[in-house]
Amino acid sequence: MSSFDESDAFEGASLSARAMAARPVPYLDGLNPEQRLAVETMDGPVLMLAGAGTGKTKALTTRIVHLLNTGRAQPNEVLAVTFTNKAAREMKNRVGALLGQSIEGMPWLGTFHSICVKLLRRHAELIGVEGSDVTLKSNFTILDTDDQLRLLKQLVQAAGIDDKRWPARQLAGVIDHWKNRAWTPSRVPAGEAGAYNGKAVALYKQYQRRLIELNAVDFGDLLLHVVSIFQTHDDILQRYQRWFRYILVDEYQDTNVAQYLWLRLLAGGHRNICCVGDDDQSIYGWRGAEVGNILRFEKDFPGAHVVRLEQNYRSTPHILAAASSVIAGNQGRLGKELWTDVEEGEKVRLIGHWDGDEEARWIGEEIEAMQRGTRNLRPYSLDEMAILVRASHQMRAFEDRFLTIGLPYRVIGGPRFYERMEIRDAMAYFRCVTSPSDDLAFERIVNTPKRGLGDKAQQKIQVTAREHGVPLIEGARILLEQGGLGGKGAKELATLLDGLARWGRMTGDKDVSHVELAGIILDESGYTGMWQDDKTPEAPGRLENLKELVKALENFENLTGFLEHVSLIMDNESDNEGEKVSIMTLHAAKGLEFPAVFLPGWEDGLFPSQRSMDESGLKGVEEERRLAYVGITRAEEVCTISFAGNRRVFGQWQSSLPSRFIDELPEAHVEVLTPPGLYGGGYGAAAGVPNSIDAKVAEANVYNSPGWKRMQARAGQRPTAQPRESTSPVIDMAAASSHVVGERVFHQKFGYGEIMGVEGDKLEVAFDKAGTKKVVARFVSGADDVPF
DNA sequence: CGCCGGATTCTTTTT
DNA sequence: GAATCCGGCG
């Protein structure tokens, strides 16, 4: 399996070139001149600069079909790389549709990671531990971030480092970063070595050695190892260079250094590489993506053809104009001018709210209204609408709200199936059975369910195993023989070891299918029972997931095969029943499009994210701006941006200003919607009554912000109720000083309470119903002022 | 060893 | 407000 042989190493070529060549080429007719150029410039390096919604996937897939159709390559000689499984699947489907037949024969169309897993499994034994003959084996396991962290914690602890000051999580980040740059321990530049208390390089080295000893790799290794193999084994590299006759890369702006090197190495021979990207959509800088890669393409591949795709087929001109106006704030762009010949549509809609809950409420109602068809809009089905948020914690407000009003929704990119605790536990059991030297798996399940084997007992096992130089399972057996463990723990451990050995023998048993065996393992180990006895509300769902896992096994020949492939099918698309609104992060939305898009939470600090600005300054803001650009350009017909004046952060209410990106929206293409509560301006708008909804909105800081005021001025309309006199965004100290500790007050949101402390403009108030909160003085009034 | 309550920290974004 | 960590107790 691990030996390399060109004749059999590559899987299934299923389409013959002759059959292909006989086909007519109607697929070229549907392309515009730019796309056609991108497709028909077939040999040599091509850089496709494709703006959002310009049909780059179409161009890319057509290009693949054209390569096959002209007999330039067999399906298994095309290397087509994407970043997500979803994109890979879509590309496969579209190629299949264009060809009019399914294409099982494109084994090298996939994500960087899935392709590198295949490559690495072939050559695993070339990766070894320095100064020993231990090497990786082709059945290595792929660690997820959880395992990775667990391993690092052990190393950090062993090195006697204060976990408080230098959390292992931080080290994981540093190592990740280095792997993204393709820096092996010995290649980390001196200037970087000061990371993590100066110990990062040493720990990185230990970590890599430990991984290989465990026959494991982490995500970063997949690329890193393959790149090192290419760099050190020229014969292997050359074979792959010959084999992959054409290389296509999607989302090139998101490639990190390791991926870039990988591509440059593979394309180094024939240089038949076609990269597609959009510098304006580079949103993965934090994970090592280098926009520089795209800017540098022409230098790396002299004579490259650069094709620009600028005709947008997705969005209305208003949406396009808004997106262009925002992204124009960035420096150093490659510069594309998107255009469309679509006629006018709805302007981008902007709306401010009092707080996050109301924002969720309004969006819920608006979605229901849009289902029916509202104002001048056509009816939209739930599938046509999406809510795109900056950070996943923003999703909860919508989930809560939608659950109460019974609006069906689906969360995309939530915790993945194979990342759930119960699934990972079950897989750890399987791993222990199929490879008894899998220490990480054993650690995970040795005391799950509880077997009375706590830290102490586990330490003893570790020590015994290390003394004898054997895997943990073997160490545990020895420990038991020596009688080093007593009581309940010893008995339970013996049962577990017996079980593992028995199940191991059963893997070879013809009478027991692997699906049955999986069920047996989970039942006899007590794992199923553990969840059956569990009274928490999640337990039934977890049991359900376990059933699904066992069912998924049916698609594989045996447990081993399943475990080897499972790391690649990390995404699950099970949520397809019925119409639902999609909720996802902006990152997850890249590459998707929806007729109607809601972009909530456009407040400074949230979006652009404070952290991004703090850590990366202007570069951070620019990446956030690209994210805004991605968000707006997901919309085809209706794009609704909103912000809230108050939001819960860490359980505390905080007020915030509208995002700076709102200032960057072009006035001519934006319609400012009237916030709820301003309809008709009724609601006891008697001057000065602080609990009118008008006042609420006014107090939300919304109207005080520069961005909002500008929007109002531009839109040439005023809110029905004027904000009260405090139009200055400066903190109103007078208001604060007018309150004293012990005073009874009323707050719009929390009701009555007593002031416990005064800090500048902030009051600490013990509310009767809502508990103790810090609130801005301006938002409370004396309890007696309230007329009910 | 495992459970409980209290204190503390924490939230970008992900293959 | 949630997850995690810590110390004390059965």
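Chain A is the first sequence line, chain B the second, and so forth, proteins listed ahead of strands; every chain is numbered from 1.
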Who are the side chain to side chain contact (heavy atoms under 4.5 Å, CB included) partners of Leu592(A), not counting sequence neighbours?
-> Lys86(A), Met584(A), Phe594(A)
Between the protein and nucleotides 12-15 of chain B, list every N/O to N/O distance that falls short of 3.5 Å.
| from | atom 1 | to | atom 2 | distance (Å) |
| --- | --- | --- | --- | --- |
| dT12(B) | OP1 | Arg611(A) | NH1 | 2.1 |
| dT12(B) | OP2 | Arg611(A) | NE | 2.8 |
| dT12(B) | OP2 | Arg611(A) | NH1 | 2.1 |
| dT12(B) | OP2 | Arg611(A) | NH2 | 3.1 |
| dT12(B) | O2 | Arg390(A) | NH1 | 2.4 |
| dT12(B) | O2 | Arg390(A) | NH2 | 2.3 |
| dT13(B) | OP1 | Ser392(A) | N | 2.5 |
| dT13(B) | OP1 | Ser392(A) | OG | 2.4 |
| dT13(B) | O2 | Trp286(A) | NE1 | 3.2 |
| dT13(B) | O2 | Arg390(A) | NH2 | 2.7 |
| dT14(B) | OP1 | Thr585(A) | OG1 | 3.0 |
| dT15(B) | OP1 | Arg416(A) | NH2 | 2.7 |
| dT15(B) | OP2 | Arg416(A) | NH1 | 3.4 |
| dT15(B) | OP2 | Arg416(A) | NH2 | 2.1 |
| dT15(B) | O3' | Phe83(A) | O | 2.6 |
| dT15(B) | O2 | His113(A) | NE2 | 3.2 |

Tell me the salt bridge (charged side-chain N to carboxylate O under 4.0 Å, His left out) pairs involving residues 598-608 of chain A, sequence neighbours left out?
-> Glu603(A)-Arg647(A), Asp604(A)-Arg660(A)
Are any non-hydrogen side-chain atoms of Lys179(A) and Thr184(A) less than 4.5 angstrom apart?
-> no
Residues passing the side chain to side chain contact (heavy atoms under 4.5 Å, CB included) test with Glu615(A), sequence neighbours excluded, are Arg611(A)
Residue set satisfying side chain to side chain contact (heavy atoms under 4.5 Å, CB included) with Gln654(A), at least two apart, ordered chain then number -> Val649(A)
For nucleotides 2-7 of chain B, tabulate all protein N/O to nucleotide N/O atom pairs closer than 3.5 Å, reporting atom names and distance.
| from | atom 1 | to | atom 2 | distance (Å) |
| --- | --- | --- | --- | --- |
| dG2(B) | OP1 | Gly452(A) | N | 3.3 |

Determine the interatomic distance between P on dT13(B) and the same-named atom on dT4(C); round to the nearest Å.
-> 15 Å
Starting from C1' on dT9(B), measure out to CD on Gln652(A) and report it in whole angstrom.
-> 14 Å
Set of salt bridge (Lys or Arg N to Asp or Glu O under 4.0 Å) partners for Arg169(A), sequence neighbours left out = none
From the 5' end of DNA chain C to its 3' end, which nucleotides mark the outer limits of contact with chain A, defined by a 4.0 Å heavy-atom distance cut-off (strictly under)?
-> dG1(C) to dA2(C)
Contacts of Asp400(A) that satisfy salt bridge (Lys or Arg N to Asp or Glu O under 4.0 Å) - sequence neighbours left out = none
How would you list, by chain and number, every residue that makes a side chain to side chain contact (heavy atoms under 4.5 Å, CB included) with Glu422(A), sequence neighbours excluded?
-> Arg420(A), Tyr527(A), Trp531(A), Arg542(A), Asn545(A), Leu546(A)
Quick one: ring pair (Phe, Tyr, Trp, His ring centres under 6.0 Å) partners of Phe442(A), sequence neighbours excluded?
-> none
With sequence neighbours excluded, tell me which residues meet ring pair (Phe, Tyr, Trp, His ring centres under 6.0 Å) with Tyr207(A).
-> none
